[in-house]
Structure formats: C-alpha cells, structure tokens
Amino acid sequence: MTGSAAETAPVMETATSWGRTERVVALTLHPVFASELVDRPGAGAMRRLPVGLRRSYGTTVLPEDEVVLDLTGLDRLVAFDPETRILKAGAGLSLDRLMRWSVPRGLFPATVPGTRFVTLGGAVANDVHGKNHASAGSFGRAVTGFTLLRSDRGVVRVDRETEPELFAATVGGLGLTGVILDVSLRLVPISSSDLMVETVPFGDFADFLALSEESLGRFEHSVAWVDCTARGARLGRGLFERADRAETGGLVPHDPGRGVPVPFDAPSMAMSRAAVSAFNRAHYARGRRKAGRVRTPYAAFFHPLDGLRDWNRLYGRNGFRQYQCVVPNEAAEAVAVMLDVVSGSDQGSFLAVLKRFGPIPGEGMLSFPMPGVTLALDFRNDGASTLALLDRLDAIVREARGRLYPAKDGRMSPAMFRAGYPALEDFTRRVDPLCGSRFWRRMTA
Amino acid sequence: MTDAAPAPPRSVLVLGGLSAIARAAAELHAAEGARLVLAGRGKDRLEEVAADLRLRGASAVETVDLDLAACDPEREAPRLVAACGGTVDVVLLAYGMLGDQLRAETDVDHALAVIDVNFRSAAVWCLVFARRLEAQGAGTLAVIGSVAGDRGRRSNHVYGAAKGGLGLLVQGIAHRLAGTGARAVLIKPGLVDTPMTRGFSKGGPLWSSPERVAAAIHAATRSGPAVVHAPAFWRWIMLVIRNLPDAVMHRTKL
Ligand SMILES: Cc1cc2nc3c(=O)[nH]c(=O)nc-3n(C[C@H](O)[C@H](O)[C@H](O)COP(=O)(O)OP(=O)(O)OC[C@H]3O[C@@H](n4cnc5c(N)ncnc54)[C@H](O)[C@@H]3O)c2cc1C
Ligand SMILES: NC(=O)c1ccc[n+]([C@@H]2O[C@H](COP(=O)([O-])OP(=O)(O)OC[C@H]3O[C@@H](n4cnc5c(N)ncnc54)[C@H](OP(=O)(O)O)[C@@H]3O)[C@@H](O)[C@H]2O)c1
C-alpha cells in the first residue's frame with residue numbers, strides 16, 4: 001500500500017477573523033476537491049461552518065462547536081462560456097486569482113469589494129458590495145447559480161429560477177444555508193484595466209451628500225474617505241473619489257505579489273490617537289493636492305490596502321473592530337450625528353469610508369445594501385470603552401431605520417439584527433440544520 | 001530564445017498531476033499554450049484540474065489515472081509519450097508522500113511505503129525517461145526533491161533519505177545527459193504551504209506558496225544548473241544546516 005487518496009484528515013487550528021479580537025481552536029478540514037466533502041463518511045452528522053479567506057471581521061467566520069470547512073482549496077475554473085460571459089468556478093477561488101485570469105481576457109467581475117483576497121463563496125455569502133453599487137448592485141446580482149451541499153438534501157443545484165428561495169437565502173446567507181461548492185458568475189467586458197479617477201475634497205457632510213448625489217449616474221464608481229478626527233466646522237470633511245473605466249490603455253493584470261508583509265503585531269501604540277490624527281490630516285492634505293482625472297491601475301483604486309499584507313496586525317494583539325452601517329437616504333443626517341459622536345470620543349477611527357448605495361435591491365434575504373448612505377469605521381479594540389461607543393452608534397442607526405453589516409460584526413445584539421433585517425424569519429426557515437457560527441449562536445440564543 | 005518566431009508549444013508530462021506544486025507549475029505551462037498530460041490517482045479529480053488548465057490556455061490536456069508507485073513505468077511510458085503527441089519536452093516528476101516519521105520508526109511497512117513512493121518508484125520513472133530523452137536528444141527531466149534530502153534529521157529522515165537518494169540519482173542523470181541535448185534538473189523546495197504540510201503551523205518568512213516554487217520549477221525547465229533550491233534562499237539555509245557540527249545539531253529538534 002502506498003497511502004490512499006481522497007481523504008483529508010481534519011486538523012486542529014487556531015481560527016481568527018480579520019479583526020483578530022477572538023481566537024478559537026477548532027477542528028478544520030481543508031478539502032481540495034468537493035468529493036472529499038460529498039463522499040465523506042460521517043459528514044452527514046457533522047456540524048459545520050464553511051469559510052473562505054476569512055476577510056470578514058467578526059464572528060460570522062468563527063465556529064461555536066462546528067467543524068470549520070476551509071473551502072479555499074476548491075479554487076479551480078470549471079467552465080466559461082464566451083457568449084454569455086458566465087464563468088463557473090470553485091467556491092474557494094479568490095477574486096485575486098480570478099482577476100489575474102480574467103483581466104488579460106478583457107473581463108472583470110461585475111463588482112469587487114475593497115480587497116481582492118475574498119473567495120467567490122464568501123462574496124456570495126455576504127452579498128458583498130463595491131464602489132459601483134449604484135450601477136451594478138451587489139455581488140449576488142451577477143451570480144446566475146451555484147452548487148450547494150446541504151446536510152438534509154445532499155448536493156443541490158441552485159439557480160435563480162429553479163430554486164428562488166434557496167437562492168435568496170444563500171446570497172447574503174452567512175454560510176448558514178449550506179456549503180457553496182461552486183459559483184456561476186457573469187463577468188463584464190472591459191477595454192482597459194485602468195480607471196480614470198478624480199479626487200474631490202469636500203468640507204463637510206452636506207458637501208458629501210451633494211457630491212454623491214451629483215455623481216450618481218455620471219460616474220460608475222464612487223467612494224469617500226472621511227477625516228474622523230476633524231471636529232466642529234470641519235466635521236465630516238474628506239475626499240471624494242469617483243471613477244470610470246478608461247477606454248484604452250491595455251489589459252494588465254495586477255501584480256501577483258502578496259504585498260509587503262507586516263511581520264509581527266505592532267505595539268498598540270501604533271494606532272494611538274495622535275497617530276490616527278496625524279494620518280488623517282496628512283491624507284486630507286495629500287488628497288487636496290491631487291486634482292483632475294488621474295489614470296490609475298484597477299488594483300490601486302479598488303484595493304489600496306492589499307499592497308500591505310496582514311495590515312490588520314498594525315492594530316496590535318487585541319485586534320480591532322470594524323463597524324459598518326447603512327441608513328436610508330431620508331435619514332442620511334444620522335451619519336453626521338455618528339461622525340460627531342466618534343470625533344467627540346477618544347477613539348479615533350483610522351479608516352472611515354462613506355459610500356452611497358443606489359436603488360438596486362440586494363438579491364438576498366439578508367443582503368446588507370439598501371438605498372442610502374453606508375459608513376464604515378475601524379476602531380482599535382480597547383475592550384469595554386470600544387463596545388460602549390459602538391452601542392451609542394447602534395442607537396442612532398436604529399432610530400434611522402438602518403442596519404449593520406454582519407460581515408463586520410462581532411458584537412451586535414439580536415434585537416439590533418432583527419430590527420435591520422425584516423426577512424430574518426423567512427431566512428431562518430432555510431438555514432441548514434447543521435450549519436452554524438458564533439455569530440448565529442448569539443443571534444439565536 | 002532570440003528567434004523572432006514564437007517557440008512551438010511544449011508538451012509537458014506531469015507525474016503527480018494532482019500535487020499542489022505541480023498544478024501551479026502546470027498553470028504556467030498552460031499559459032504558454034503547452035500540451036499537458038497529467039498522470040495521477042483519480043480520473044475525476046484529474047479531469048477537474050484539466051478543465052481548469054484548458055481555460056488557462058493549454059492547447060490540450062489529457063489525464064491518465066495511474067498509481068505511480070504501483071505500476072510498471074517501463075510499460076506505461078509509451079502511452080504517456082503517445083498522449084504527449086509522440087515527443088516529450090518536459091517530464092515533471094512531482095508526486096511524493098511525506099509520511100509520518102514516528103510511525104516509520106516502528107512500522108516497517110510504513111517506512112517502506114515512504115521509500116517506495118519517494119525513491120524506488122520515482123527512480124524507475126527517472127531512468128525510463130532519461131533513456132527516452134537521451135534518445136530524443138532533447139527535453140528536460142525535472143524532478144522535485146526536497147531540502148529534507150540535504151541532511152539527515154530526526155524529524156524526517158526516512159522521507160529525507162528517499163528524497164536525498166532520488167536527488168543523487170537525478171544529479172547523476174544530469175551529468176550523463178550533458179551534451180546530449182537533453183537535460184535533467186532537481187528542484188529542492190523548502191517549506192511549502194500545500195496539502196502535504198497540512199497541520200503544520202504555517203506563516204513566517206520560511207514558508208512559500210506553491211506559486212513561488214512553481215515559478216522556480218518553470219524557470220528550471222528552460223535552463224540553469226542541475227540542482228536548484230526553491231525559493232533560492234534555501235541554498236544558504238541548507239548550507240548552514242549541512243555544516244552544523246553534530247554537537248550543535250544534536251541539541252536541536254530539527
Ligand atoms: C480590507 C477589506 C475591505 C473590504 N471591503 C469590503 C467592501 O468594500 N464591501 C464589502 O461588501 N465587504 C468588504 N469587506 C468584507 C469582505 O468582502 C467580506 O467579508 C467577504 O465575504 C470575505 O470573503 P472571504 O472569502 O474572506 O469569506 P469569509 O470571511 O471566510 O466568509 C464570509 C462568509 O461567507 C461564508 N462562506 C465562505 N465561503 C463559503 C462557502 N463556500 N459556502 C458557504 N458559505 C461560505 C462564511 O461562513 C461567512 O459567513 C472587506 C474586507 C476587508 C478585509
Ligand atoms: N510541501 C512541501 O513543503 C514540500 C517541500 C519539499 C518537497 N516537496 C515535494 O513536492 C512534491 C509535491 O508535493 P506538494 O507539496 O505539492 O504536496 P501534495 O499537493 O500533497 O502533492 C503530493 C501528490 O503526490 C501524489 N501521490 C502520492 N503518491 C502517489 C502515487 N502512488 N501515485 C500517484 N500520485 C501520488 C498525491 O496524490 P493523492 O492525492 O492521490 O494522494 C499528491 O497529489 C512532492 O514530491 C513533495 O515531496 C514538498
């Protein structure tokens with residue numbers, strides 16, 4: 001005997017999510033082929049949590065008593081139809097690898113989140129959004145179907161038409177409706193890999209609203225960075241970036257390098273109030289000097305942080321929390337109130353990002369995007385004081401009839417979750433009885 | 001390589017087409033339009049990899065379901081060569097098995113399995129294809145060895161001995177092929193993040209991606225010395241390790 005194929009032993013691993021506030025030791029399986037899960041004896045009874053590249057910040061990617069199924073090994077291209085531009089690929093394929101394949105062929109995902117180190121399965125399960133939400137909607141919109149492994153039904157082909165409920169439950173379904181094995185995705189044609197980017201400084205939140213209003217429909221992509229440390233009259237000042245695809249300029253894939261590593265946990269001081277303040281001032285000043293339209297390779301525009309590998313370690317050993325909410329347009333002023341609360345607290349946010357979501361509804365029962373303004377903030381994890389600040393922000397979001405993004409969450413209350421997601425009950429009926437996560441345990445406790 | 005006309009696509013035979021490192025190397029060949037033959041265990045799995053490589057530009061991909069340690073290379077070689085279109089430009093021998101050192105210390109069958117996979121069967125494949133390439137007067141035999149073969153160590157000396165033995169064989173074949181138009185090269189990876197090292201605690205500067213090792217393999221199939229480390233910095237690490245006095249070495253758990 002020379003050792004047999006097709007069986008992978010689970011290994012004990014320490015799991016953490018992007019925010020690194022919690023560490024969990026869990027049994028983990030790393031299948032390379034779907035058959036290792038489908039034909040696995042005993043798999044029928046195993047509680048499971050599928051994960052991708054764990055770019056989610058909080059507890060949706062941490063197990064309670066589940067075996068972690070790391071799907072990143074299922075990363076092969078399966079089929080491509082040039083007529084429809086539909087690519088079928090393993091759920092573990094990253095957008096990083098997908099784009100290295102597609103860009104030289106003049107193709108691009110319909111939308112991409114702020115990092116390319118996400119898998120197709122993860123992008124579906126959070127129905128992720130990009131900077132072009134107003135024109136493209138969220139990720140699920142370009143998905144035509146996927147293969148799902150259910151503990152109660154086995155392998156199910158889920159197409160938008162044939163299994164509309166399971167489709168809607170799984171898009172944005174936080175890995176709770178079964179294991180996505182492969183995804184079929186419609187790509188969009190591009191004639192250049194560059195973008196023409198314009199940076200416009202704005203003085204306050206009202207200016208942001210006006211700018212994003214004016215840019216809707218005129219620019220495909222837009223995003224804003226806010227200086228969270230500015231107070232008083234300068235509150236809400238920032239830089240507005242808007243961009244369109246260049247029409248010419250070659251089809252150059254991004255550099256495959258994984259970027260400069262952050263080799264160790266920075267002392268938490270690196271993210272001190274003074275440092276955050278200085279960064280924000282310098283960033284604002286730099287942005288003000290860049291005027292006009294600048295030709296920019298797509299990676300620099302879409303994924304500016306991917307050049308620094310493991311940048312989450314800059315927040316030190318205790319990690320950090322991200323807070324992302326969306327409030328409807330009618331209540332957009334709530335964002336100004338939140339910025340006020342944050343700048344008045346002693347917990348500067350290093351990265352504060354504002355985006356305007358357009359009218360295209362998410363396809364999933366738990367899709368996060370809705371028409372309105374979304375704000376994302378990063379906070380160094382200072383324990384109770386950070387949590388108290390986030391609770392104050394929750395109250396504002398709730399009052400505004402907004403919602404929080406589970407991909408970024410490690411602490412919201414079940415009541416907050418229910419308030420934000422009216423289709424939750426419908427969703428719950430479609431949860432795979434053996435799927436779970438720390439997040440889901442908390443929401444259903 | 002200075003010709004104006006593009007080089008015709010190469011035919012590449014991968015022994016161990018399901019290995020993560022081999023797949024990354026095959027991807028680089030596919031992007032050049034190569035014709036690929038993947039041999040390994042499991043038709044369905046091989047076909048999944050083949051479909052991916054076709055979409056990445058391979059001009060043709062064939063799969064051959066074969067237990068490479070339990071078949072007769074002499075008998076199988078002709079059909080593998082035929083699948084390559086009659087001539088083989090590159091043979092990449094990638095299959096291997098780490099095994100469990102502690103188990104091999106007490107379980108003779110396990111020790112023999114490790115030797116069988118990594119040395120005995122691999123050596124026969126090398127000899128069979130060395131003869132074939134010699135007759136062609138062209139082509140490269142590229143074999144994945146390991147830094148584990150550079151010095152016997154407590155943590156992996158059965159695997160290390162097999163890989164070390166294979167390395168000597170390939171080095172000798174390279175010598176023998178010199179001047180024939182054909183060549184042989186041994187590539188010795190360090191620590192690579194693949195299914196073989198599942199369960200190891202990974203991360204840190206010594207770990208490489210299969211892509212990085214594949215780039216070194218791909219370059220080595222074109223030209224270069226007969227023995228290379230991948231990534232190249234392992235050459236210096238192993239230089240130090242090989243020269244550690246026993247008195248020092250024996251105090252470590254390497
Ligand atoms: C720097 C940075 C920028 C970001 N920018 C954005 C942004 O602009 N927009 C946005 O929407 N998000 C953004 N995110 C969040 C990120 O896009 C999402 O968390 C994404 O889902 C992560 O994908 P992943 O492969 O890492 O999945 P994971 O984080 O590992 O998993 C995400 C969810 O998907 C589930 N899942 C994963 N794989 C499968 C599968 N095969 N089958 C079933 N369920 C599965 C998991 O259970 C989990 O619930 C950003 C994150 C970072 C770190
Ligand atoms: N990973 C490292 O750190 C490292 C370091 C130095 C050297 N190497 C060497 O690199 C090579 C590739 O390994 P890898 O890292 O890519 O690991 P891998 O993905 O586990 O690949 C090893 C492959 O060998 C195949 N194999 C084993 N016995 C076989 C047999 N009898 N017949 C057919 N196929 C067989 C396995 O197929 P099955 O799936 O059918 O078992 C598997 O696909 C190996 O030679 C390894 O020794 C690896």
Side-chain angles (χ1 to χ4, degrees), chain A residues 1-14 16 25 27-36 38-39 70 72-82 87-90 92-94 96-98 100-102 104-105 107 181-182 253 256-258 261-265 309-310 313, chain B residues 18-20 23-24 27-28 30-31 40-57 65 67-71 95-100 109-110 112-118 120-121 193-205 207-212 215:
Chain A
M1 270 308 295
T2 49
S4 85
E7 60 177 42
T8 22
V11 288
M12 280 309 248
E13 276 183 10
T14 305
T16 184
V25 177
L27 219 48
T28 309
L29 266 173
H30 295 266
V32 179
F33 293 91
S35 53
E36 293 165 47
V38 177
D39 310 333
D70 177 332
T72 53
L74 272 60
D75 66 345
R76 285 166 301 274
L77 308 175
V78 178
F80 178 66
D81 179 351
L87 173 71
K88 182 176 177 184
L93 181 70
S94 66
D96 176 69
R97 271 172 66 76
L98 189 156
R100 278 195 267 145
W101 175 82
S102 73
R105 292 167 170 80
L107 298 163
L181 300 176
D182 60 55
R258 288 289 321 269
V262 174
F264 49 81
D265 297 352
R309 190 179 357 144
D310 303 335
R313 304 184 78 167
Chain B
L18 293 172
S19 120
R23 182 185 151 220
E27 231 173 71
L28 297 174
R41 289 183 292 197
K43 191 72 180 169
D44 294 350
R45 297 191 299 157
L46 288 165
E47 278 303 324
E48 280 193 42
V49 175
D52 174 90
L53 293 170
R54 284 184 200 110
L55 287 170
R56 293 180 183 280
D65 187 358
D67 184 330
L68 295 161
C71 68
Y95 74 98
M97 170 191 173
L98 188 54
D100 176 340
D109 286 338
H110 185 64
L112 281 176
V114 171
I115 293 166
D116 238 30
V117 172
N118 296 300
R120 192 200 55 84
S121 63
D193 181 1
T194 72
M196 183 172 279
T197 49
R198 198 170 269 154
F200 285 50
S201 94
K202 298 181 182 182
W207 284 90
S208 311
S209 65
E211 288 75 22
R212 186 156 177 206

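Just so it is clear, the model here is predicted, and its values are computed rather than measured. Only this structure's heavy atoms are used, side chains among them; waters, hydrogens and symmetry mates stay out. Just so it is clear: chains get the letters A, B, ... in the order the sequence lines come, proteins before strands, and each one is counted from 1.
Between A/Asp75 and A/Arg97 there is a salt bridge, with a side-chain nitrogen of the basic residue lying less than 4.0 Å from a carboxylate oxygen of the acidic one.
Contact annotation for B/Leu18: only side-chain heavy atoms (C-beta onward) come within less than 4.5 Å of a heavy atom of chain A. Proximity to chain A is limited to the side chain of B/Glu27, based on heavy atoms less than 4.5 angstrom apart. Interface remark: B/Val114 contributes no atoms to any contact with chain A (heavy atom separation under 4.5 Å). Residue A/Ala79 touches chain B through its backbone alone, counting heavy-atom pairs closer than 4.5 Å.
Annotation for B/Tyr95 and B/Val117: closest pair CE1-O, 3.3 Å, computed over non-hydrogen atoms.
Among B/Glu211, B/Arg212, B/Lys202, the single residue meeting the side chain to side chain contact (heavy atoms under 4.5 Å, CB included) criterion with B/Asp193 is B/Lys202.
Side chain to side chain, A/His30 and A/Glu13 meet the donor-acceptor criterion of an N or O pair below 3.5 Å.
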